[in-house]
Amino acid sequence: MSSRPRLRFAPSPTGYLHVGGARTVLFNWLYARRHGGEMLLRIEDTDTERNRPELTDNILEMIEWLGLGWDGEVVHQSDNLDSHRAAADKLLGAGRAYWCDCTPEQIQQRARERGGPPGYDGHCRDRGLGPGPGTALRFRTPDEGTTEFDDLVRGRVSFENRVLEDFVLVRANGTPTFLLANLVDDAEMGITHVVRGEEHVNGTPKYLLIGEALGLDHHPTFAHLPILVNEQRKKLSKRRDSVSVATFRDEGYLPEAMVNYMALLGWGPPDGVEIRPLEEIVALFDLADVTQSPAFFDVRKLQHFNAEYIRALDTEAFLDRVRPFLAHGVATEEVLRPIAPLVQERVRLLTEVEPMVDFLRDEAIAYDDASWQKHVAKHGDRAAAMLDAAVAALAAAPWDRDAIEAALHSAASEAGFVNPEGKVQMAKAQGPVRVAVTGRGVGPPLYESLVVLGRERTLARLKDARARL
RNA sequence: GCCCCCAUCGUCCAGUGGCCUAGGACGCCGCCCUUUCAAGGCGGUAACACGGGUUCGAAUCCCGUUGGGGGUGCCA
């Protein structure tokens, strides 16, 4: 195969792009890039009943957000209905397909009465029906022989033709099914590698059989990726699991972190280095190295990756990325900027930034009850003493980080936050101050925060807290 | 039911007959550092599903069992 590989991602607009689909796009994209080929995008919209055209926008937007993209124009399967019909006619003319007017209910009922396996029984095979209302076109699967194919991920897979039921090629409403349109379009588009989820393995012999019956010289290489599962080890479902890519974006995940993480679902670099630039992954990636067993999408590991990527950003880039997640725009950015590196190191998600710095921006703060109890109330008189000492020391100190540290240090000593060896216990002493000023027990480094907050507001908040005791 | 596939730490990957007293990463636990929280450093916990073969030698090859998943739509 000397020609450049041509791959495609072929989603149907029946749901938002979810992580399973995103992983499939990624592997298609990686393989195309790795081998100097291209990855096309085809929207499989032949099921007019279920399509939701607006979802196509989401799919396109998410693929772009991930930084992947596609080659050429987006293809809409519905634009190629003439070819699908022509293929159906050809199959009918060659005796490889026939009309069937059985309803799903009838098919089920016969299967029940028969007591045999569910599925279509070939009832209309030789009834010589013509097209008409409620009549669908079925493919006549061979009664004997086997259909096999080589899969880059799974090796050789073989099916006995007799277990393949006569499936529908054209619905009663005249639209082609996925089985027909998918094959016809792949052939016309010159697709060389079909990389898709494992759920399509069973449909592959049908794909092959149609192509063969059509006399097409279309023999793509297949690669069925292991599916992504939830904690119950079930296939990720848009309904059960919250896995929309847009949701991850809105929760503050960085696209490069997601792409990096998803590349590790079913694949791993030979040197074991997991967090690395996309270009390196492209250089190392190969479908032949993809795992054969299902992978669990572990959000906790994703979060770790996201935190790593956030930390790796330079300050300006970090600010650019968080901006959409900040309330009150510029006002927030102003208080964040001075301590951005400190915040950057403490968040896993971009959405965690706002609640970490809002106390620097807002006039009024709310005390977190648990924090107040643990860091202030519990220490009783010492907390009150610390607050008083802090007010006094801070009122006189120059307003810079080191002076603030020194001031709070002496205040702690004065308030009795000293261990038996005479060492000041700043870990405990900063508690009342932190809660008084931020409302919470945890947050960015205190001294640096106070610099940003300013003397006036700091003193006012310390006094407010003191008054509550 | 039938068909297809899968099977190494809780999770994701490494391992392709001897380098494995099974390695890395996430998580978890402990210690250090430390103004909280993070980050960082150090250490630890934890797996070859089971049974037969093949072989001088199996996590690695074969068979079976068990378990899990996918498919079985006029969805894709």
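In the text below, chain A, chain B and the rest are named by the order of the sequence lines, each starting its count at 1. Atom set for the values below is all heavy atoms of this structure, side chains included, hydrogens, waters and symmetry mates excluded.
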What residues from residues 427-435 of chain A pass a heavy-atom cutoff of under 4.0 Å to RNA chain B?
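Correct list: A:A427, A:Q430, A:R434.
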Which residues within residues 399-411 of chain A lie with some heavy atom under 4.0 Å of an atom in RNA chain B?
A:R401
I'd like to check the ring-ring contact (aromatic ring centres under 6.0 Å, His included) partners of A:Y98; sequence neighbours left out, ordered by chain and number.
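ring-ring contact (aromatic ring centres under 6.0 Å, His included) list for A:Y98, sorted by chain: empty.
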Report, as a single string ordered 5' to 3', how protein heavy atoms within less than 4.0 Å touch nucleotides 41-50 of chain B: B base, S sugar-phosphate only, - not at all.
----------
Does a side-chain N or O from [X] land closer than 4.0 Å to OP1 or OP2 of [N], or not?
X      : N     : answer
A:Q292 : B:C6  : yes
A:S158 : B:C4  : no
A:R346 : B:A39 : no
A:T291 : B:C13 : yes

For A:N182 and for A:R154, find the nucleotide of RNA chain B with the closest heavy atom, then tell me which residue's nucleotide is more 5'.
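Residue closer to the 5' terminus by nearest nucleotide: A:R154.
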Pairing partner (Watson-Crick or G-U wobble, both distances under 3.5 angstrom) of B:U60
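The answer is none; no pair meets the criterion.
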Does the structure show a Watson-Crick or G-U wobble partner for B:G43, both distances under 3.5 Å? Name it, or say none.
B:C29
Output a table of nitrogen or oxygen pairs between the protein and nucleotides 60-65 of chain B separated by less than 3.5 Å.
none

Could you go through nucleotides 68-70 of chain B and list every protein N or O atom that sits under 3.5 Å from one of its N or O atoms, giving the distance for each pair?
from: B:G69; atom 1: OP1; to: A:K234; atom 2: NZ; distance (Å): 2.6
from: B:G70; atom 1: OP1; to: A:K235; atom 2: N; distance (Å): 3.1
from: B:G70; atom 1: N2; to: A:N202; atom 2: OD1; distance (Å): 3.0
from: B:G70; atom 1: N2; to: A:N202; atom 2: ND2; distance (Å): 2.9

